[in-house]
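So you know, we letter chains A, B, ... as the sequences are listed, proteins then strands, and number each from 1.
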4 protein chains.
Amino acid sequence: MEKNTPSKKAKRDPEGRREKIIAATVEVLAEVGVAKVTHRLIAARAQVPLGATTYYFPTLQELIRVAVDEVVSQSRQYLATWTSELERSLDFRKTLADLADRYVQDRSRAILEYEIYVAAARTEELDPLARVWRDEVPALLGRYMDSRAAKALSVFLNGSMLEAVTSGLPFDRQGLDFALESFLNLPVPNN
Amino acid sequence: MEKNTPSKKAKRDPEGRREKIIAATVEVLAEVGVAKVTHRLIAARAQVPLGATTYYFPTLQELIRVAVDEVVSQSRQYLATWTSELERSLDFRKTLADLADRYVQDRSRAILEYEIYVAAARTEELDPLARVWRDEVPALLGRYMDSRAAKALSVFLNGSMLEAVTSGLPFDRQGLDFALESFLNLPVPNN
Amino acid sequence: MEKNTPSKKAKRDPEGRREKIIAATVEVLAEVGVAKVTHRLIAARAQVPLGATTYYFPTLQELIRVAVDEVVSQSRQYLATWTSELERSLDFRKTLADLADRYVQDRSRAILEYEIYVAAARTEELDPLARVWRDEVPALLGRYMDSRAAKALSVFLNGSMLEAVTSGLPFDRQGLDFALESFLNLPVPNN
Amino acid sequence: MEKNTPSKKAKRDPEGRREKIIAATVEVLAEVGVAKVTHRLIAARAQVPLGATTYYFPTLQELIRVAVDEVVSQSRQYLATWTSELERSLDFRKTLADLADRYVQDRSRAILEYEIYVAAARTEELDPLARVWRDEVPALLGRYMDSRAAKALSVFLNGSMLEAVTSGLPFDRQGLDFALESFLNLPVPNN
DNA sequence: TATGAATGAGTCTTCATTCAT
DNA sequence: GATGAATGAAGACTCATTCAT
């Protein structure tokens, strides 16, 4: 009989534990918001003793930072699916709406991201997530239109998803269509 | 002999005190964010004894709720200035940009409003503020364009101001111009 | 029957409580040393709830500082008794030995003072006590001899009391006599 | 083939490791004081894994005890240098002042020794260090003067070095000269 | 034998809320 | 009515010690 049989618990798995705590933090963040995360909530969610959270991360702030990094990284991966789905798509407009819709439907996740987005205004360290949306979405859309339109569309999308998320209403596909048409057909103003 | 002799201070002014506390709460909220408001901060800011804050409001949460109502009401008044300034204006585009710019420049206030906006996603009671932006801004803009464009512009504005607020960068006037031109000149799609 | 009858507890006596906490801190300091004081020990000794200690003093460090100030002030008063007893005395030598002896006999208090004295080497705030012995004892002795002898005697006394305190042996009266004679009779070296 | 192949590091040297830990403990003690020593600080300083500190010493208290023994032993050696330097010296007074001065200048070490000295008043086991100063210094000085003067000088030296250490001021050479002259020239009192 | 992951007791501190005055 | 003293629950964090590996 092997010694290292996968028994009930894989014991002594520091890396796994670390990740478990980070994942729990992301979940708790999504549920209660940045403002109300506590070691206790995280420990309970991760099913680890209270001391473990501070053993792996020197401070709560640091743990939150790491968790936010995780969110950022997930967001980047998420945006990569946007990229590839748009690439494969035959109907840009519909696919984009689908993607935004899907994003909004994972509501607690979306709330978390907007919370972090706004919280970044007070807390420097949270900025990376904001930057993803501010910079990478326009870049992504830039493959399909000029940069000015891409930026405008990104801003519009952001506003529209924020509205959907906060109101709980479904994503406004028609609004997106309208904006998209507007941005694409207009002769660029001289200004 | 009058009761309300003007002594050193106009004492016994419960209503005034109540309002003072609410105003202080709004200020503190704007400065430190919802997460970090305390009775002590409020009392210090309002220059009232600690006990007064709990005397006038049963719980901190209740006080915050009232303060948020106040923010909503101030926002409504604020939008009224948008209405009147746009009415008086000879250059809609410029005036609108001025207004958005000015809004964004009162940064801590703007952060607070977006915080509340996003928090509304978790907490029913905070929704009224979100509703102001979601419903009243389109209505206001609807005086100058068709409702579809007004809604789109409102959404765009929201996204654009959010970006300015979180990034700390100045409001993107050219982006607004572009969106405005786009929304106004495009033949509405059939869809 | 009077309302304010001194019942079991004199309630709501903030100043009294403050002093009770300070006194308890001095006691605990004397018993366990600066290194091991905790809020809990102090609260238990003062018979007040844990929260009271932090309510009256923002930090433990601050509380210790105040307690040390109290020790300093007591030391100063204590030295005043030295002054007056020496003034009244017909036998300077004997009286001085009596005083030193008495000081040493209140052992835990004396230990505390030497502890603070030494701790001052690491912690700026504790210096005032050290200064009392460094400056005021020489000044006091200076009434009876030239300043050089007074300083030397003060240093000797300090060393001698330290030895008595740490060894638990009685104060070495004969050693003091010897030092005193030595310092007083010698023609001052030019050097 | 030899067992103890000189690989990267001379491994498996339990005694060496033990001593490394003790030495590190003495260093850390000198730096942060008895109150703030931790296993972690010691392990880091000794560049050994955390577990090693508890592997070689059952408890932290025990490790500190051993380290204090080490300090005592070092002090004894240190005094041996006093002995030999005084023996070789042509100018007793100057040499003694040099020695005291040098002692005081290694300030963190001196603070540690006085800390232990005073702590001995509370903790029996720390007494050996106190005894070194209390007994051995007078014995050492006794080679140059009668025992009464030697004892008095030892006490004076102790007080003077304590003052220098706690105040951070340089050692008072003139004070020592004065005391020395006084103790040596005075006709011994009858008493 | 040796290690570093693990944890729970205990530290200081903050604060909403209560309530005697 | 008004206040500020009071307190206990909860927060973040530290660390000696244990023990699986």
Side-chain angles (χ1 to χ4, degrees), chain A residues 3-4 7 9-18 21 36-43 48-64, chain B residues 11-14 17 35-43 48-64, chain C residues 3-4 7 9-18 21 36-43 48-64, chain D residues 11-14 17 35-43 48-64:
Chain A
K3 203 178 175 183
N4 224 339
S7 63
K9 294 189 175 182
K11 291 215 166 175
R12 290 282 170 143
D13 177 11
E15 196 42 48
R17 213 167 212 221
R18 215 187 115 89
I21 292 172
K36 292 188 182 143
V37 205
T38 66
H39 278 133
R40 281 160 175 75
L41 282 174
I42 294 167
V48 298
L50 182 53
T53 55
T54 53
Y55 178 74
Y56 281 91
F57 302 91
T59 67
L60 179 58
Q61 190 176 315
E62 171 66 9
L63 174 49
I64 291 175
Chain B
K11 291 205 169 176
R12 290 286 179 124
D13 177 9
R17 198 163 237 213
K36 292 185 182 153
V37 205
T38 66
H39 279 133
R40 282 160 176 77
L41 281 176
I42 294 167
V48 299
L50 175 58
T53 56
T54 52
Y55 181 73
Y56 284 92
F57 304 90
T59 68
L60 180 59
Q61 190 175 314
E62 170 66 10
L63 173 49
I64 291 174
Chain C
K3 204 178 176 183
N4 224 339
S7 63
K9 295 189 177 185
K11 292 214 166 175
R12 289 284 170 141
D13 177 11
E15 195 43 46
R17 213 165 211 222
R18 215 187 114 90
I21 292 172
K36 292 187 181 143
V37 206
T38 66
H39 279 133
R40 280 162 176 74
L41 282 175
I42 295 167
V48 299
L50 181 55
T53 57
T54 53
Y55 178 73
Y56 281 92
F57 303 90
T59 67
L60 179 59
Q61 190 176 314
E62 170 67 10
L63 174 49
I64 291 175
Chain D
K11 291 204 170 178
R12 290 286 181 126
D13 177 10
R17 200 164 234 212
K36 292 187 182 150
V37 204
T38 66
H39 279 133
R40 281 160 178 76
L41 280 176
I42 294 167
V48 299
L50 174 58
T53 56
T54 53
Y55 181 73
Y56 285 92
F57 303 90
T59 68
L60 180 59
Q61 192 176 313
E62 170 66 10
L63 173 50
I64 291 175

Item to check | Any-strand Watson-Crick or G-U partner of E/dA20, both distances under 3.5 Å | outcome: F/dT3

Next on the checklist: Only pairs with both distances under 3.5 Å count, Watson-Crick or wobble alike; so what is the partner of F/dG8 in this structure?
Outcome noted: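 Base partner found: E/dC15.
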
Item to check | Atom CD of A/Gln61 with >12 non-hydrogen neighbours under 6.0 angstrom | outcome: no

Checklist entry - So does D/Arg40 reach the base of F/dA16 with its side chain, donor to acceptor, closer than 3.5 Å? => result yes

Checklist entry - When you measure from the side chain of A/Thr38, which nucleotide among E/dA16, F/dG11, F/dC13 comes out closest? => result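 Nucleotide nearest to A/Thr38's side chain: F/dG11.
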
Checklist entry - Between E/dT14, F/dC13, E/dT17, which nucleotide has the shortest distance from any of its atoms to the side chain of A/Thr59? => result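 Of the options given, the side chain of A/Thr59 lies nearest F/dC13.
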
Item to check | Of C/Leu50 and D/Ala52, the one whose closest DNA chain E nucleotide lies more 5' | outcome: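 Looking at the nearest nucleotide for each, D/Ala52 comes out on the 5' side.
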
Item to check | Position toward the 5' end of DNA chain E (nearest nucleotide), C/Phe57 or A/Pro49 | outcome: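 Result: A/Pro49.
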
Next on the checklist: With rounding to the nearest 0.5 angstrom, report the NE2 to CG distance, B/His39 to B/Leu63.
Outcome noted: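 Result: 6.0 Å between the selected atoms.
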
N or O in side chain of [X] less than 4.0 angstrom from [N] OP1/OP2:
X: D/Tyr55; N: E/dT3; answer: no
X: C/Arg17; N: F/dG4; answer: no
X: D/His39; N: F/dC15; answer: no
X: B/Tyr56; N: F/dA2; answer: yes

Item to check | Toward the 5' end of DNA chain F, by each residue's nearest nucleotide, A/Thr54 or D/Thr54 | outcome: A/Thr54

